[in-house]
Amino acid sequence: MGKALRWLLSLVVLIGTTGVGGASAAAATAAEPKTEAGTTTGTAGSSHKDIKDRLLAIRGMSLIEEKPVDGYRFFVLNYTQPVDHRHPGKGTFQQRITLLHRSTARPTVFYTSGYGVSTDPRRSEPTQIVDGNQVSLEYRFFTPSRPEPADWSKLDIWQAASDQHRIFRALKRIYPRNWLATGGSKGGMTATYYERFYPRDMDGVVAYVAPNDVVDGEDSAYDEFFRQVSTEECRTALDAVQREALVRRGEMTDRYRQWAEENDATFSTIGSLDQAYESAVLDLVWAFWQYSTEADCNDVPKPTAATEELYGFVDEVSGFSSYTDQGLEPYTPYYYQAGTELGAPTVQTPHLDDLLRYPGMFTPRAFVPDTIPMRWRDGVMRDVDRWVRHNAERMLFVYGENDPWGAEPFRLGKGAEDSYVFTAPGANHGANIGGLVEEERAKATAEVLEWAGVAPAAVRSGEATAEPLAKRDSALDQRSVERRPALLP
């Protein structure tokens with residue numbers, strides 16, 4: 001039995017426009033007037049100071065840089081956070097955030113990927129829908145937002161939620177309108193955990209493709225997913241290629257070794273090049289469905305294909321560089337969390353078991369240096385799952401039909417209010433509101449607008465179908481696909 005290993009789509013669901021999106025946005029709200037000095041005039045409680053001056057007046061906030069972007073102000077900032085929110089006097093660190101400033105009179109979307117933060121201006125799908133501001137957060141312990149020295153026991157979901165809470169409280173005075181939390185994959189998990197611990201902060205949550213591994217040792221849902229996804233022909237073809245890659249291990253690892261020598265790649269954390277190779281092969285089927293569609297089944301090589309073609313396919317889908325020390329190190333904080341709180345899915349591989357040299361090795365512990373201690377905290381995910389089922393309010397979960405991470409989704413139960421779980425047909429780990437069936441897309445869009453406090457009257461009355469308030473822009477709203485290595489949702 002091996003762990004399913006895969007790269008991560010850094011989900012930035014980006015659909016919108018630079019500046020104000022046409023007549024619909026203009027009809028919904030007017031932009032703040034700007035003076036020649038760049039000051040802004042907002043609603044009650046706001047000042048005439050330049051927005052940068054207002055931000056830097058916040059205690060602990062410092063400017064890294066401001067970048068030009070049409071229709072917005074974009075800032076890369078540092079904010080001083082306690083290493084331990086339970087004991088704030090015991091050290092601090094600098095946490096990186098970005099701010100895409102539209103107007104203090106507009107709603108604000110709080111986005112996180114659950115990993116690092118991009119320092120280029122981007123808009124998430126909810127930001128485009130509500131034509132708002134966007135605060136983007138780098139998750140604690142991802143460099144450079146890491147305490148020095150790093151006390152890894154202070155990396156947990158409550159501490160991370162408390163980071164968001166402090167930033168929200170600091171910025172709410174400047175952005176008094178409604179706030180929404182969002183994120184994709186681990187970012188969707190992060191938005192959900194934030195809502196669980198600080199349910200009074202946000203006016204709504206949009207969580208994309210958020211895994212919910214309630215009981216780490218019970219993963220039969222993933223086996224069921226792989227038994228039924230797509231067609232039998234495609235499943236059989238992928239299994240055959242996966243097995244053939246292990247049958248030809250010698251030829252394939254010769255190529256891998258040559259690549260590693262040419263690129264100074266090392267394998268101290270995972271143990272050896274051979275273990276890294278087996279990881280990549282085990283990751284193949286999961287990674288294929290995480291990022292591909294049924295149409296890509298036509299590109300799966302036959303098991304009789306030349307070794308060079310087979311090697312290229314495994315490398316393209318799984319990524320051999322991901323299992324090197326250099327590929328693993330940037331994501332140590334995630335592997336640590338997966339092995340202490342979040343859990344990781346186990347997938348049965350009966351068609352490979354006679355060829356595996358390292359059965360049972362593929363756990364989060366295998367991807368974290370031995371110098372970092374790890375201890376499992378049982379019940380953390382059960383607590384979140386129970387809370388969502390019975391306390392969710394104004395929460396929207398979006399999943400992809402063909403995404404393996406959706407095999408264990410968040411579900412709603414008695415006590416949940418004004419909350420929804422939608423699945424985009426045929427979608428992978430990039431599922432979003434725009435990919436839902438028409439009725440659900442309109443409903444989800446209307447709810448996001450309503451939660452943000454900017455739903456047009458015609459939408460509120462049911463006379464018009466809800467649409468995003470800002471139009472698409474090729475710069476701000478490009479989809480960013482960043483594949484990341486093993487065990488990453």
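We use all heavy atoms of the structure for the numbers below, so side chains are in, but hydrogens, waters and symmetry mates are not.
Salt-bridge check for Arg196 with Asp383: passed, with a basic side-chain N closer than 4.0 Å to an acidic carboxylate O. Asp418 and Arg394 are not joined by a salt bridge, as no carboxylate oxygen comes within less than 4.0 angstrom of a charged side-chain nitrogen. Using a 4.0 Å cut-off between charged nitrogen and carboxylate oxygen, Asp120 and Lys67 count as a salt-bridge pair. Taking 4.0 Å as the cut-off between side-chain N and carboxylate O, Asp385 and Arg382 do not count as a salt-bridged pair.
Under a cut-off of 6.0 angstrom, the local environment of CD in Glu438 is sparse, with at most 12 non-hydrogen atoms contributed by other residues, nucleotides or ligands. The environment of Arg169 atom CZ is sparse: at most 12 non-hydrogen atoms of other residues, nucleotides or ligands sit within 6.0 angstrom. Within 6.0 Å of atom NZ in Lys90, 12 or fewer heavy atoms from other residues, nucleotides or ligands are found, so the atom counts as exposed in its surroundings.
For Glu439, the side-chain contact (heavy atoms from CB on, under 4.5 Å) test picks out no residue, with sequence neighbours left out.
With ring centers used as reference points, Tyr139 lies 6.0 Å or more from Tyr115. Between Trp405 and Trp286, the ring center distance clears the sub-6.0 Å criterion. Aromatic ring centroids of His165 and Tyr198 lie under 6.0 Å apart. Taking the six-membered ring for Trp and the full ring otherwise, His101 and Tyr175 have centroids separated by under 6.0 Å.
Tyr194 and Thr112 form no side-chain donor-acceptor contact under 3.5 Å, judged by distance and modelled atom types alone. Judged purely by distance below 3.5 Å, without hydrogens or angles, the side chains of Ser162 and Gln164 never pair a donor atom with an acceptor atom. Using a 3.5 Å distance cut-off with no hydrogens or angles, the side chains of Arg166 and Gln81 do pair a donor with an acceptor. Of the N and O atoms on the side chains of Gln326 and Thr266, at least one donor lies less than 3.5 Å from an acceptor on the other residue.
In this structure, Arg146 CZ and Gln94 CD are separated by 15.5 Å, a value rounded to the nearest 0.5 Å. Between Leu77 atom CG and Thr119 atom OG1 the span is 12.0 Å, to the nearest 0.5 Å. Annotation: the span from Trp376 atom CH2 to Asp216 atom CG amounts to 4.5 Å, rounded to 0.5 Å. The distance from atom CZ of Arg365 to atom OH of Tyr336, rounded to the nearest 0.5 Å, is 9.5 Å. Interatomic distance, Thr340 OG1 to Leu155 CG, rounded to the nearest 0.5 Å: 6.5 Å. Thr445 contributes atom OG1, which lies 7.0 Å from atom CD of Glu125 (distance to the nearest 0.5 angstrom).
When every heavy atom of Ser124 is checked against every heavy atom of Tyr111, the shortest pair comes out as CB-CD1, 4.1 Å. Considering every non-hydrogen atom in both Ala407 and Ala221, the closest pair reads O-CB, 3.6 Å.
The side-chain contact (heavy atoms from CB on, under 4.5 Å) test with Phe93 singles out one residue from Asp163, Asn78, Thr80, and that residue is Asp163.
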**Request:** Output, in order, the C-alpha distance, side-chain angles, deciding distance and verdict of side chain to side chain donor-acceptor pair (under 3.5 Å) for Gln134 and Ser136.
**Result:** CA-CA 6 Å; Gln134 180 171 305; Ser136 299; 3.0 Å; yes
